[in-house]
Amino acid sequence: MNSPNQPLPTFDEVLLCTPQTTAEQVGLFLRRCFIPCSRGEKIYTMLYADELSYDVSCRMEELFQHLQHYSSAYRLVILCNCKREHSYIPSVFSQYKVHMIPQRSLAEIQQYLQHHYRVAQPSSSAASVFKDNMCVGIVSSKRAGMGK
């Protein structure tokens, strides 16, 4: 996010973890992370790794240790909820823990995202539904199930 021209992460660089995430999904993601790419610019990110089941977390740790012996040139960020810091993954990787505080203001982050998610020519596009011709939008309600 150092410049507006820096791209957003691609689909293969991010794994959004849930309790239903399988060991196979985590394994594929870690292998992608450890395979050296031609430009070496990718930063792989696991979001909410603290939500992985215990079995999947154990297998992730084993695979990580195994792959780490073959390559030290990887770029992996594991993001966890600080309220679940005592779950398996945050505990295993606690020696690498960094408490993160955003270095940019909310307005700067929003401007950066707007730059990347704005549709240039919204001709018959679903983006015309969202504010300022954005191709992404968040719809929320304090009342569940109200037709979002």
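If you're wondering where the values come from, they're calculated on a predicted model, not measured in any experiment.
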What's the verdict on side-chain contact (heavy atoms from CB on, under 4.5 Å) for Y44 and R75, showing C-alpha distance, side-chain angles and the deciding distance? CA-CA 6 Å; Y44 293 88; R75 296 166 68 170; 5.6 Å; no
Distance, nearest 0.5 Å, that separates CD1 of I78 from CE of M46: 6.0 Å
Under the side-chain hydrogen bond (donor to acceptor under 3.5 Å, both in side chains) rule, what do T10 and D12 come out as? Steps first, then yes or no, please. CA-CA 6 Å; T10 58; D12 65 326; 2.3 Å; yes
How far does CG of L52 sit from SG of C80, to the nearest 0.5 angstrom? 8.5 Å
How many angstroms lie between CD in Q114 and OH in Y112, if you round to the nearest 0.5 Å? 13.0 Å
The salt bridge (Lys or Arg N to Asp or Glu O under 4.0 Å) partner of D50 among K97, R84, K83 is R84
Tell me which donor-acceptor pairs under 3.5 Å the side chains of residues 17-30 have, and how far apart each pair is, sequence neighbours excluded?
| residue | atom | partner | partner atom | Å |
| --- | --- | --- | --- | --- |
| T18 | OG1 | Q20 | N | 3.1 |
| T18 | OG1 | Q20 | OE1 | 3.4 |
| T18 | OG1 | T21 | N | 3.4 |
| T18 | OG1 | T21 | OG1 | 3.4 |
| T21 | OG1 | T18 | N | 2.8 |
| T21 | OG1 | T18 | O | 3.1 |
| T22 | OG1 | Q25 | N | 3.1 |
| T22 | OG1 | Q25 | OE1 | 3.4 |
| Q25 | OE1 | T22 | N | 2.8 |

Give a yes or no on this: more than 12 heavy atoms of other residues, nucleotides or ligands lie within 6.0 Å of atom CZ of R59. no
Supply the members, apart from L16, of the Ile/Leu/Val/Met/Phe/Trp/Tyr cluster built from side-chain contacts under 4.5 Å; use none for a lone residue. V14, I43, L47, Y48, V77, L79
Pairs of donor and acceptor atoms involving the side chains of residues 60-68, under 3.5 Å and at least two apart or interchain, shall be tabulated with distances.
| residue | atom | partner | partner atom | Å |
| --- | --- | --- | --- | --- |
| E61 | OE1 | Y88 | OH | 2.3 |
| Q68 | NE2 | Y74 | OH | 2.9 |

Reported CD-to-CD distance for the pair Q103 and E108, which is rounded to 0.5 angstrom: 10.5 Å
Do L106 and L113 share a hydrophobic cluster (ILVMFWY, side-chain heavy atoms under 4.5 Å, transitive)? no
If you measure from OG on S71 to CZ on R31, what distance do you get to the nearest 0.5 Å? 13.5 Å
